[in-house]
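Order of listing sets the numbers, starting from 1, for every ligand and every atom in it.
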Amino acid sequence: MHMDRAQIKAGIMVSTRFQLFLPLILLPVIGTQAIDMLNCLDAFPNTTILNSTYLKNVNGVLSSLISSNNSNGYGFYSSAYGENSDKVYAIGLCRGDLKHDACVTCLNASRYDLMEVCPNDREASLWTEKCKLRYSNHSMHGTVELIPSSTRYSNKNVSSSLSVLEGFNQRLMALLGVLKVEVAAGGDVVKFAVGNANVSIYSKNISTIYGLAQCSPDLSELGCNNCLDEALEKIQMYCYGSGFGSYVNPSCDLYYQVDYLFFDPAAQTVPVALPPLISPPTANARGKKSNIPQTLIVIFVSILLPFIVML
Ligand SMILES: *[C@@H]1O[C@H](CO)[C@@H](O)[C@H](O)[C@H]1NC(C)=O
Ligand SMILES: *[C@@H]1O[C@H](CO)[C@@H](O)[C@H](O)[C@H]1NC(C)=O
Ligand SMILES: *[C@@H]1O[C@H](CO)[C@@H](O)[C@H](O)[C@H]1NC(C)=O
Ligand SMILES: *[C@@H]1O[C@H](CO)[C@@H](O)[C@H](O)[C@H]1NC(C)=O
Ligand SMILES: *[C@@H]1O[C@H](CO)[C@@H](O)[C@H](O)[C@H]1NC(C)=O
Ligand SMILES: *[C@@H]1O[C@H](CO)[C@@H](O)[C@H](O)[C@H]1NC(C)=O
Ligand SMILES: *[C@@H]1O[C@H](CO)[C@@H](O)[C@H](O)[C@H]1NC(C)=O
Ligand SMILES: *[C@@H]1O[C@H](CO)[C@@H](O)[C@H](O)[C@H]1NC(C)=O
């Protein structure tokens, strides 16, 4: 199967706008995985005319990437293969709460999916909710890449009251802002944090916003900050009032969801105080590496339907 860029774009628009109503259909499933983003760049028009050494190297770098030699031990894989203008660079990154085995499985599946969908491209990237894989003819190490990106949100608000929405949004952005700072300061090995904050959106009931933020650990603190600033801006712009939201690009990602713990609850807790707001205060940020169920996508997606009904 080969998707061209127009098809891929259409798929993302569909998934962004109508995810709540057709959650299982929208993420294109390729191989065994639900794909959030696929991007094939600069396809060689005719591989028999152009030098095929590059394409062999793409296969080489992707095949060897998941070797532990290329891992930093925390779900980040980086490698290069080939010489001179035929050299191919690849980076793989798992979500920070993924176990090692699940991480390898995700990157391995992504490798096959990427080679199937982008069979003769100079650059390509693919990500799911669990891991990201990309390759290019230039080194990507330490570079903030904002394109391509995917943004998801519900087209239903958590409340019809403007003041409730405003309070919710303030709380959400405060939580995500705390996570951003935490992640950016995370060091060279892991840049990942999860946290939660309570908010009152359904009359007197307390709801909990769960948030997750991550940067590729090869980014500098400044690069990570810049990337997550872009993420916060997109979340603010598109996810206002939405009960869930996500923004993902090759370098960083930001997820949140109300009343659904979508990350591994065993993650270490780093208490962080949010500024006081209308809603019940205090939040926890959690950091570092741990585990998430293998069935994350299924769970994440299937809870959306009951979630709509609740709204
Ligand atoms: C690719 O180039 C070869 C050699 O010139 C030619 O025979 C073949 O028809 C071309 N294929 C396509 C799809 O253009
Ligand atoms: C094709 O690849 C070989 C081996 O890497 C290289 O020596 C040669 O210059 C390449 N040819 C072109 C046209 O890029
Ligand atoms: C990993 O590194 C070791 C030691 O440098 C080497 O013997 C082994 O072949 C490498 N494995 C891979 C898959 O590159
Ligand atoms: C990678 O996927 C292929 C094809 O599904 C499978 O044969 C292979 O065992 C997998 N490798 C790892 C390390 O999971
Ligand atoms: C990567 O490929 C593009 C498109 O052919 C080319 O313009 C660029 O110079 C290449 N970059 C490197 C580092 O080879
Ligand atoms: C959500 O609330 C905002 C602010 O009132 C409004 O602009 C927007 O249209 C609402 N969205 C939906 C899908 O109702
Ligand atoms: C939330 O509020 C509704 C009505 O306001 C009430 O029926 C329900 O029991 C409350 N749930 C919790 C968990 O307090
Ligand atoms: C959110 O509220 C629940 C129930 O009142 C409480 O157990 C939890 O500790 C609160 N979480 C935070 C971050 O304040």
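Using the six-membered ring where Trp is involved, Phe262 and Tyr255 have ring planes that are tilted, between 30° and 60° apart.
Taking every non-hydrogen atom of Arg122 and a distance limit under 4.0 Å, the qualifying atoms of ligand 5 come out as 1 (C), 2 (O), 3 (C), 4 (C), 5 (O). Within ligand 6, counting atoms from 1 as listed, the ones closer than 4.0 Å to a heavy atom of Leu162 are 4 (C), 5 (O).
Ranking protein heavy atoms by distance to atom 7 (O) of ligand 4, first place goes to Tyr112 OH, 4.9 Å. Looking at atom 13 (C) of ligand 6, its nearest protein heavy atom turns out to be Asn155 O, 2.9 Å. Of all protein heavy atoms, the one lying nearest to atom 3 (C) of ligand 6 is Asn157 ND2, 3.6 Å.
Residue Asn108 has at least one N or O atom closer than 3.5 Å to an N or O atom of ligand 4.
Around the CG atom of Asn59, the shell of radius 6.0 Å holds more than 12 heavy atoms that belong to other residues, nucleotides or ligands. Other residues, nucleotides and ligands contribute over 12 non-hydrogen atoms within 6.0 Å of the OH atom of Tyr240.
Closest heavy-atom approach to atom 8 (C) of ligand 5 within the set Asp86, Asn137, Val88: this belongs to Asn137.
Cysteines Cys131 and Cys106 are disulfide-linked, with SG atoms closer than 2.5 angstrom. Cys118 has its SG atom within less than 2.5 Å of the SG atom of Cys40.
The protein reaches atom 5 (O) of ligand 5 closely, with a heavy atom under 4.0 angstrom from it.
With hydrogens and angles disregarded, no donor-acceptor distance shorter than 3.5 Å links the side chain of Gln236 to the backbone of Asn169.
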